[in-house]
Each structure stands twice: as C-alpha cells, then as structure tokens.
Amino acid sequence: MKNIVILISGRGSNMEALIAARAAGCLSISLP
Amino acid sequence: MRWLAIFLVLVLAACSTKMGKDGRTETAMDVKYLAKTEIDRIADTSRTEVMAGLMLIADKLYRRNPKEWKKAGLANRDAALERLNLRQYRNLPELNGAREGQAAALAFSEAYAGDRVAALMFGLLTMADAAFEHKEEFYILDGLNEMKLYNCARNMDVAVWKLGHDRTAAGEPFLLSNELDPGNRNLSFEREFGRVMGLLDFMAKVVADRNGRNLSRLTQTVVSTIFLPVSFLK
C-alpha cells in the first residue's frame, strides 16, 4: 500500500476519484 | 427556395473527403456525418489511433516476452492479441474481474502468476475505453471528460516508468521492453507510448476547450507510481 498526499486544485475531481477507487477496492493507497 | 438551401446544407454536411495513398481525393456521402461535428470526427480518429497504438505495443511486448502468452495456454501470439481485441465483451479469467489501473498494476506484482502482457495491456486498453466513454464513434450529443483523457495519458507515462524501473525480487524486469544496450538499442516502446500520450493529451485539450475548462497538471507530480483512476472520475 502506498501513502499518497493530494494537493487539491481545480474542482477536486481527481481527489474524489482516488477516494472512490480506494473505497471500491480498485486502488491500494493510503491517504494520511 | 428555402427548402433547397436547407437540402444543400444537409447534403454538403454529410460529405467527407479523404485522400488515398496515391494522393487522389475521394468524396463520399454518408448520412452519419449529419450528426457529427468536426470535434466528433477528431475524437473518432484519436480513439482509433490510440487503440491501434496500444494494440501495436501489445504485439511488440508479446514478441519480446513470448513466455507470457504461453502462460494463458494459448496457441500463439495472435490468439493472445485477439483476447485483447474482445475485451469489451469478455474479461480475462486470470484477472479476476480487474480492469483499468487495477489490471495494469497486476503486471508488476510478484504475486501475479498469469500473462503479464495481457494484464498490462488489458488494463491500459480498458482505461482508454473508459476515457472515450466506451464509445467507438462520436456524435453531436456525446460528451467527453477532459480529465479522464488526461489521467489516461498520465497512466501511459506510469506504465512506461514501471516497465523501465519495476523489478522482481531477483532484480529482473517484469517485462522486457526498451533495450538500452548501445549495441542493440531499441526505444520503440517509448516512442509508441509517447505517440499515444500525445494523442490523449491533444484530445484532452480539445475537449477542455469545448467544455470551457482548464486542465490541472498538479496531480502528475504528486502521484507518479500508481495508475490514476479514469472510470471513477465524474
């Protein structure tokens, strides 16, 4: 599992997608 | 008179002119062009070129890594490529339902014992399908999301990076691709991935312009070793 830090810019759509992908078990990441 | 003018506009809009290999132009009329804008035609061509580029990379990877298609019990390389061509109708059993980034990441996992070329390319192809909203042709009412196209392009970058850097516990690359030996230099994978990235980035900019949005480049520097989500973007 990788720790990642997200710098939010724009509409935050990528942050939402990363969180949704993690919740669906499609992405093994940790958001500290 | 007004009806004649409308008729002429419609007929001209339905015309397309193509230049053949011999340099001659050929004008054809197809009703489907009535429902297409110029951007739709650009999207059609971009999608076709992206998919052809990815299939070419798959072919090249199988040529360099023939043991991979044998793992799936297939008769030859063509059968392995055909499985990728049929991705929209069939999942690959060894991937347990994984698609897009999740499938591509399996190619670089020690725990995965299946066909690594299939995992990587099935992942990238299904990701590109999602970036083009699972459509093969585009019409006036079809919308594309610039961030999906942009993330897809960045994921090609991630794939190139992982092909060059990720290693097994024994220190071997998971898949052979570019060759840096000066005596037998081969950077053709890098070149083809670059072409696909360029097409996706170009399309992302065209779509962003049409949607009146700007693309954010920040995520690229933050996330460089994971495949960014495409389908999960809204």
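Just so we're on the same page: letters track the sequence lines, and every chain starts at 1.
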Handout entry: Among A:C26, A:A24, A:A20, residue most engaged with chain B (heavy-atom pairs, under 4.5 Å)
Key = A:C26

Could you pull out every donor-acceptor pair under 3.5 Å between side chains of residues 104-113 of chain B and any protein atom, sequence neighbours left out?
from   : atom 1 : to     : atom 2 : distance (Å)
B:S109 : OG     : B:A111 : N      : 3.2
B:E110 : OE2    : B:A169 : N      : 2.3
B:Y112 : OH     : B:D115 : O      : 3.3

Practice task
Of all the heavy-atom pairs spanning B:Q102 and A:G25, show the shortest one and how long it is.
Solution key: NE2-O, 3.1 Å

Practice task
To the nearest 0.5 Å, tell me how far A:L18 CG sits from B:L233 CG.
Solution key: 8.5 Å

Exercise for the section: Report the distance from atom OH of B:Y150 to atom CG of A:N14, rounding to the nearest 0.5 Å. Expected result: 8.5 Å

Handout entry: Contacts of A:I19 that satisfy side chain to side chain contact (heavy atoms under 4.5 Å, CB included) - sequence neighbours left out
Key = A:M15, A:L31

Practice task
Any chance you could measure B:I226, atom CD1, to A:S28, atom OG, to the nearest 0.5 Å?
Solution key: 9.5 Å

